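As the structure is a computational prediction, the values presented were derived from the model and not from experiment. Both ligands and their constituent atoms are indexed starting at 1 by order of listing.
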Amino acid sequence: MSYPYQIKTLEDYKKDYNKSISDPESFWTPIAETFTWRKKWDKVLDWNFKDPKISWFSGGKLNITENCIDRHLEKNSNTPAIIWESNDPEEHHRVLTYKELHFKVVQFANVLRNNGAKKGDRICIYMGMIPELAIATLACARIGAIHSVIFGGFSAQAIADRLDDAKAEFIITCDGAFRGTKDIPLKSVIDDALVGNHTVKKVIVCTRTRTPVSMIKGRDVWWEDEIKKVETHGNPDLPAEEMDAEDMLFILYTSGSTGKPKGVVHTTAGYMIWTNYTFVNVFQYQPGQVHFCTADIGWITGHSYIIYGPLSAGATALMFEGLPTSPDAGRFWDIVEKYKVNILYTAPTAIRSLMAYGNDYINGKDLSSLKVLGSVGEPINEEAWNWYNVNIGKEKCPIVDTWWQTETGGVMISNLANVTPAKPSFATLPLPGILPCLMDENGSEIEGNNVNGNLCIKMPWPGIIRTTYGDHERCKQTYFSAYENKYFTGDGCMRDSEGNYRITGRVDDVLNVSGHRIGTAEVENAINMHAGVIESAVVGYPHDIKGQAIYAYVIYDGSHGDSNLSKQDIIQTVSRIIGPIAKPDKIQFVPGLPKTRSGKIMRRILRKIAEGDVTNLGDTSTLIDPALIELILEGKL
Ligand code: WTA
């Protein structure tokens, strides 16, 4: 494959950027023309941010899997599409060429059809990181069903809420998943999630861990048995469903400021073009290279940079089932050496944790294949940036610090490897198509350089969120109402003297723990489920490895006994309601929460106390009970 739209020089970047902003329609037309369409679009872009209503390439017909698989078959059928490395370094790896991936996706698409799935149905996928997860995702897209992948770390209750919101009709899962030394019983979690569910008709279970599972007659079927049925019919070719450019491709749930996760909706053509364009340009992918994105497919990074971006570009994507520290902290470097990885894309939290293990795990490993390093998910501090640069990139690999969100579909602000300059801890410049601005508290744009503000985007790009599933008003309120005619990111940001952007972190009630987005309200709701809890308030505080950690202030009815045991109980409750990723790191029992006269919890103060920054707590005069602060400070952990 060649990528005529791959930017090669700084001058080209500037030229393309200016064109993309002044005339987006003629900028995106030739790019879109390189893809496979059943019918060409009528109009490149139609939009208003008021409703919001955004459509890219409307009237166009296509199927994303024809672009991710079929169109590579003529010239690249034997190119590896997915290389899979097991959790267990002793287990043999698997390679799926584009031809094999095609075969397997068509085969599983047949399974879905045989089980009654069709265009528009919502299919929830809850699996570990095995090739079948990618196959299942693509098979949904092939038949036009809307996939909703749920990260394997979420609990039964969290899944139940998502199934309910999406009104999912099908689930694809595994018996279990391997993660380091753990074996997570996915099917049993699904069984719990399905108690009281009325929409799910079928559960397809793929074998991975051989953990015993119970199968419910009429509802549960084995992946392998269903495949056999298709095989006896000779795996009939399954032409991809013709989709409208703006038909939903997937729902991905993410946390926001309220207690209820929202289903971010991406549609077909715009998302495809955006993930492809950003993949090719940010990483400067060259055909034949091996791209290793360490994210889980349960998060947007896995959707966009393991599946859709790389595969639409005919690239080779490496998919890893395990953990960076298992069996030891050299696991990533062993993988880089084994597969001669060219591009490594990971999160600052992983970098910081590996950094803490020291260089013994790197010494002696051949990392010379690496050409480009990437970072995503949270701000990367300078120390981690330098360590990554010196020890992994050997000061020869550009580091792309990619800022983006579930809602943006693909990378928005980043340097382009070897094309535009990097600056440690800065995401640097916007990609073509992206017009950022900084806004102040009063809704005015902050012009000029060396300024700080709330990051907004002024015009649509192809990968922008279209709606929040089942609740368009929520999409409007969350992203398009804070500032008129702008998409509000929820992030704070500074712009330096050269126009480089540096993301400073969330300005709403969303935490970023180890690169995972968690809403404080969600954690509070979970804590409040515990019988002894009267009220709680959750804030983040800085953590060396995780970036942010969770601090919970809890008003607890002490009559239930030992306070340490009670804290363990509360942690268990959160784990059961959301999942282990949302467990509070610290719980402090408090006699009350600082509130204003209107009943609002003063989180700013709680945040400062959790951060240990108690010299200047700011104005506390509006509090109902200022004396409470002293008591909270005395009990601080
Ligand atoms: C944060 C992950 C600083 C940011 C792709 C954003 C970052 C949230 C960066 C989205 C970065 C992501 N530098 N902060 N390079 N990348 N973030 O939806 O706060 O899981 O709003 O998407 O992560 O998280 P999400």
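Ring to ring, Y253 and F154 are not that close: their centroids are 6.0 angstrom or more apart.
Among residues two or more places apart in sequence or in another chain, the salt bridge (charged side-chain N to carboxylate O under 4.0 Å, His left out) test is passed with D585 by K546.
A distance limit of 4.0 angstrom between heavy atoms and ligand 1 selects the residues I300, T301, V376, G377, E378, P379, D401, T402, W403, W404, Q405, T406, D491, I503, R506, N512, R517.
Of the possible polar contacts, none joining the R466 side chain to the M248 backbone as a donor-acceptor pair under 3.5 Å is found.
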Show every donor-acceptor pair shorter than 3.5 Å between a side-chain atom in residues 306-314 and any protein atom, with sequence neighbours excluded, or say none if there are none.
unit_1: Y308; atom_1: OH; unit_2: H147; atom_2: NE2; d: 2.8
unit_1: S312; atom_1: OG; unit_2: N276; atom_2: ND2; d: 3.0
unit_1: S312; atom_1: OG; unit_2: Y308; atom_2: O; d: 2.8
unit_1: S312; atom_1: OG; unit_2: G309; atom_2: O; d: 2.9

Between Y271 and H303, is the ring pair (Phe, Tyr, Trp, His ring centres under 6.0 Å) condition met? List the steps.
CA-CA 11 Å; Y271 173 80; H303 280 60; 7.7 Å; no

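Within the structure, every pair that satisfies the salt bridge (Lys or Arg N to Asp or Glu O under 4.0 Å) test and touches residues 371-396, not counting sequence neighbours, is listed here: R352-E378.
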